[in-house]
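Computed from a predicted model, the values in this text were never measured in an experiment. Chain naming here is simple, since letters A, B, ... match the order of the sequence lines and numbering starts at 1 in each.
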Amino acid sequence: MIQSEWFFWLVGGVFLLMALQMSVDRSNPKRLGSTVFWGLLGACFIYSSWVTDKTAPAEPLGVAVLVMICVGGFGLTGKGVPRTTDEKERTALAARWGNKLFLPALTVPLVAVVCATLVDKVRIGGEPVLEDGSETILGLGLGALAGLGVGMWVLRERRISVPVHAGRGLLESMGWALLLPQLLAVLGAIFQEAGVGTQVGKITESVLPDGQRLAAVALYCVGMAVFTLIMGNAFAAFPVMTAAVGWPVLIEQMDGNPAAVLAIGMLAGFCGTLCTPMAANFNLVPAALLELKDQYGPIKAQVPTAIPLLGCNIALIYFFAF
Amino acid sequence: MIVLLGVLVVVLGFATRRNPLLVVGVAGIVTGLLGKLSPVEILRTFGDSFASSRSVTIFAITLPVIGLLERNGLQQQARTLIGKLGKLTTGRFLTLYLFLRQLTAAVGLQTIGGPAQSVRPMIAPMAEAAAERQNGGRPLPERLREKVRSHASGSDTVGLFFGEDCFLAVGSILLITGFVNSTYDTHLEPLQLALWAIPSAVCAFLIHGARLLRLDRTLERELAASNAGFTAHDGGNAAQEKVT
């Protein structure tokens with residue numbers, strides 16, 4: 001049976017390999033910081049296996065996470081000049097390959113969905129082929145490997161170093177932002193451990209009239225949107241609002257369907273992202289790129305969609321999640 | 001009650017645009033201390049929750065294949081495909097782009113569009129060209145040009161936001177499962193969440209698509225109004241100067 005931990009080792013191994021490449025990349029002015037950050041991340045991915053089964057202490061991992069936060073947070077990571085093709089070559093290559101280019105890209109989600117829906121029922125000798133409860137994650141891993149195989153075959157690329165270098169280029173340009181979602185999940189766990197959820201839950205209960213489902217749903221969705229407006233990031237709003245209202249009130253108290261409440265709640269947060277200059281990369285950067293005089297032009301184009309859409313999300317949770 | 005100051009740290013940190021990693025780190029430590037956790041317990045919580053939320057970061061495994069395809073012209077090919085939609089009106093063109101952007105994001109191809117990848121080089125110029133055709137080939141008055149460009153950017157962003165969550169390995173979906181599974185000791189599958197994102201995606205398409213189609217009528221009305229006084233000159237430049 002295929003274990004999810006194997007897959008985490010693979011991801012960790014890829015991070016380590018890329019860190020190794022970074023350590024010898026002289027075009028990267030901050031190669032030491034980059035190597036430390038990604039190398040540590042790869043090592044943490046592997047070490048975590050023993051933390052989850054309680055055979056290794058979690059404290060060293062906590063220290064490593066704080067080191068990564070400092071290296072990334074104080075801007076010690078950088079990127080090199082990627083060894084890749086330029087715009088002109090890419091146009092020529094696109095003309096050569098045509099729509100075949102989409103084939104490997106579509107393989108990834110296809111394999112992932114097949115694994116999550118069909119392969120998860122397959123058993124060999126009474127053992128499931130994919131570890132129970134990890135079908136989607138393993139599907140994604142197998143999908144990525146299959147996509148890579150199909151890609152190298154379709155594009156007649158024999159050297160595995162080419163995709164690894166190309167992937168490292170993307171990794172470096174995303175930088176520490178790649179780790180942010182996971183750290184927000186960590187923050188959510190600390191909030192829970194410290195009792196933030198219970199506190200906010202108490203306040204919410206005193207504010208919300210008992211059993212007022214619509215009010216609670218609206219509070220969750222509007223809260224997601226408003227927190228996102230302020231922080232510019234629905235990811236950051238999610239742990240706060242979910243610990244406050246989503247989980248304790250909508251899911252535990254009112255027995256809502258967790259998948260529906262949380263997925264649609266996140267999208268309610270996205271309605272906030274559409275309206276806030278805080279989400280500069282989505283709303284202000286395009287205005288600059290398009291040389292608009294009114295830097296709020298894109299936001300003005302989006303607000304009249306965001307408001308009714310927020311209403312739709314409230315209605316969707318209210319009618320379908322209970 | 002005092003632990004809520006941790007939430008305040010997050011809000012203030014993000015709102016004042018500090019580095020998000022540092023905000024998260026500081027908020028975690030502050031909240032832990034206020035919640036009467038010992039420093040060792042805080043480290044342990046950081047470590048334990050990092051280990052159990054690794055699934056949030058695994059989308060990195062798709063980077064080599066995406067990188068390989070991009071260096072072989074994936075974005076350029078996507079542009080060629082969109083270029084074939086050239087002869088539509090502004091609103092219809094943007095509606096179709098919205099649909100394609102949602103669809104491609106829903107199968108995990110978030111990177112083939114974007115302000116720099118597609119809007120600036122492709123979508124905005126084509127939407128503008130379509131509006132100019134509607135204006136009899138004359139350049140658009142500045143205010144309308146800004147409006148068309150803003151909508152080009154808006155349809156890209158709306159399409160991305162309300163498409164990507166239908167893909168099971170996108171950051172937000174994995175954040176939800178990572179957070180909930182490590183915090184509440186439960187088990188949610190990314191696929192269930194991705195399916196629940198579909199109704200909102202449909203609503204987004206209907207609402208934003210309807211607004212884009214209405215944009216055609218707005219353009220028509222405003223172009224007629226701005227050209228009305230200039231039949232004698234019949235010059236786009238004159239019209240443009242007057243309006244700005």
So, the part of Tyr296(A) with a heavy atom under 4.5 Å from chain B: the answer is neither
Bottom line for Asn72(B): the part with an atom under 4.5 Å from chain A's heavy atoms is both
If one checks every heavy atom of Trp97(A) against chain B at 4.5 Å, the contacting part turns out to be side chain
Turns out that what part of Glu70(B) lies under 4.5 Å from chain A's heavy atoms comes down to both
Among Ala144(A), Ala260(A), Pro258(A), the residue with the most heavy-atom pairs under 4.5 Å to chain B is Ala260(A)
So, the part of Pro57(A) with a heavy atom under 4.5 Å from chain B: the answer is neither
Applying a strict 4.5 Å limit to non-hydrogen atoms, the region of Asn257(A) in contact with chain B is side chain
Turns out that what part of Phe167(B) lies under 4.5 Å from chain A's heavy atoms comes down to side chain
Most heavy-atom pairs under 4.5 Å with chain B, out of Ile160(A), Leu110(A), Thr85(A), belong to Thr85(A)
Quiz prompt | Donor-acceptor under 3.5 Å (Glu59(A) side chain, Val40(B) main chain) | solution = no
Honestly, the part of Ile29(B) sitting under 4.5 Å from a heavy atom of chain A is side chain
Looking only at heavy atoms, the pair that brings Leu106(A) and Val107(B) closest together is CD2-CG2, 3.8 Å
Whatever's closer than 4.5 Å to a heavy atom in chain B on Val63(A) counts as both
With a 4.5 Å limit on heavy-atom distance, are the side chains of Leu74(B) and Phe102(A) in contact?
yes
Given Val150(A), Leu155(A), Val108(A), the one with more heavy-atom pairs under 4.5 angstrom with chain B than any other is Leu155(A)
Applying a strict 4.5 Å limit to non-hydrogen atoms, the region of Ser49(A) in contact with chain B is both
Looking only at Thr107(A), Leu145(A), Thr273(A), the option with the highest number of non-hydrogen pairs under 4.5 Å against chain B is Thr273(A)
Output for pair (Leu33(B) CG, Ile190(A) CD1), nearest 0.5 Å, gives 10.0 Å
Cut-off 4.5 Å, heavy atoms of chain A, and the answer for Glu164(B) is side chain
Q) Going by heavy atoms in the side chains, are Ser200(B) and Leu316(A) under 4.5 Å from each other? A) yes
Using side-chain heavy atoms (C-beta onward) and a distance below 4.5 Å, is Thr57(B) in contact with Val11(A)? no
Q | Any Leu43(B) side-chain heavy atom under 4.5 Å of Leu66(A) side chain | A | yes
Looking only at Pro190(B), Ser55(B), Gly47(B), Ala201(B), the option with the highest number of non-hydrogen pairs under 4.5 Å against chain A is Gly47(B)
Turns out that what part of Ala92(A) lies under 4.5 Å from chain B's heavy atoms comes down to neither
Heaviest contributor of heavy-atom pairs below 4.5 Å to chain B, chosen from His165(A), Glu87(A), Arg90(A), is Arg90(A)
Honestly, the part of Met68(A) sitting under 4.5 Å from a heavy atom of chain B is both
Sidechain-backbone polar pair: Arg44(B) side chain, Ala58(A) backbone, donor-acceptor under 3.5 Å: no
> Do the non-hydrogen side-chain atoms of Leu262(A) and Trp196(B) ever get within less than 4.5 Å of each other?
Replying inline: no
Greatest number of non-hydrogen atom pairs under 4.5 angstrom with chain A, of Leu191(B), Ile61(B), Thr62(B), falls to Ile61(B)
Within-4.5 Å side-chain heavy-atom neighbours: Phe162(B) and Cys271(A):
yes
Under 4.5 Å to a heavy atom of chain A? For Ser155(B) that would be neither
How are the rings of Phe238(A) and Phe179(B) set relative to one another: parallel (under 30°), tilted (30 to 60°) or perpendicular (over 60°)? perpendicular
Cut-off 4.5 Å, heavy atoms of chain B, and the answer for Leu292(A) is both
- Item | Arg145(B) bridged to Glu291(A) by N-O distance under 4.0 Å | no
Shortest non-hydrogen pair, Ser153(B) vs Pro286(A), comes out as OG-CB, 3.2 Å
Bottom line for Thr242(A): the part with an atom under 4.5 Å from chain B's heavy atoms is both
The reported gap from CG in Leu63(B) to CZ in Arg168(A) (rounded to nearest 0.5 angstrom) is 12.5 Å
Cut-off 4.5 Å, heavy atoms of chain B, and the answer for Phe227(A) is side chain
So, the part of Val14(A) with a heavy atom under 4.5 Å from chain B: the answer is side chain
### Query
Is there a donor-acceptor contact under 3.5 Å from the side chain of Gln77(B) to the main chain of Leu101(A)?
no
Bottom line for Val180(B): the part with an atom under 4.5 Å from chain A's heavy atoms is side chain
Value for CG (Leu69(B)) from NZ (Lys100(A)), rounded to nearest 0.5 Å, stands at 13.0 Å
Turns out that what part of Leu37(B) lies under 4.5 Å from chain A's heavy atoms comes down to side chain
In terms of heavy-atom pairs under 4.5 Å with chain B, the winner among Gly12(A), Ala259(A), Ala243(A), Gly195(A) is Ala259(A)
- Message: Do Phe270(A) and Asp165(B) have side chains that approach each other closer than 4.5 Å (heavy atoms only, starting at C-beta)?
- Response: yes
In terms of heavy-atom contacts, Ser53(B) and Val186(A) come closest through OG-CG2, 4.0 Å
All heavy atoms of Leu68(B) vs all of Pro163(A), minimum pair found to be CB-CB, 4.1 Å
Separation between CG (Leu267(A)) and SG (Cys166(B)), nearest 0.5 Å, reads 8.0 Å
From CA spacing to verdict: side chain to side chain contact (heavy atoms under 4.5 Å, CB included), Leu160(B), Phe282(A): CA-CA 10 Å; Leu160(B) 173 68; Phe282(A) 292 113; 3.8 Å; yes
Residues Glu89(A), Arg71(B): salt bridge by 4.0 Å N-O rule
no
Walk me through it: do Phe46(B) and Leu61(A) pass the test side chain to side chain contact (heavy atoms under 4.5 Å, CB included)?
CA-CA 7 Å; Phe46(B) 263 102; Leu61(A) 192 56; over 6 Å; no
Under 4.5 Å to a heavy atom of chain A? For Arg211(B) that would be side chain
| message | What I'd like to find out is whether the side chain of Ile66(B) reaches to under 4.5 Å of the side chain of Leu170(A), using heavy atoms alone. | response | yes
**Asked** Where the side chain of Gln182(A) meets the backbone of Phe50(B), is there a donor-acceptor pair that is under 3.5 Å apart?
**Response** yes
One should read off an interatomic distance between Leu309(A) CG and Ile207(B) CD1, to the nearest 0.5 angstrom, of 4.5 Å
Most contact-rich option vs chain A, by heavy-atom pairs under 4.5 angstrom, among Thr186(B), Leu215(B), Val7(B), is Val7(B)
Output for pair (Ile58(B) CD1, Leu140(A) CG), nearest 0.5 Å, gives 5.0 Å
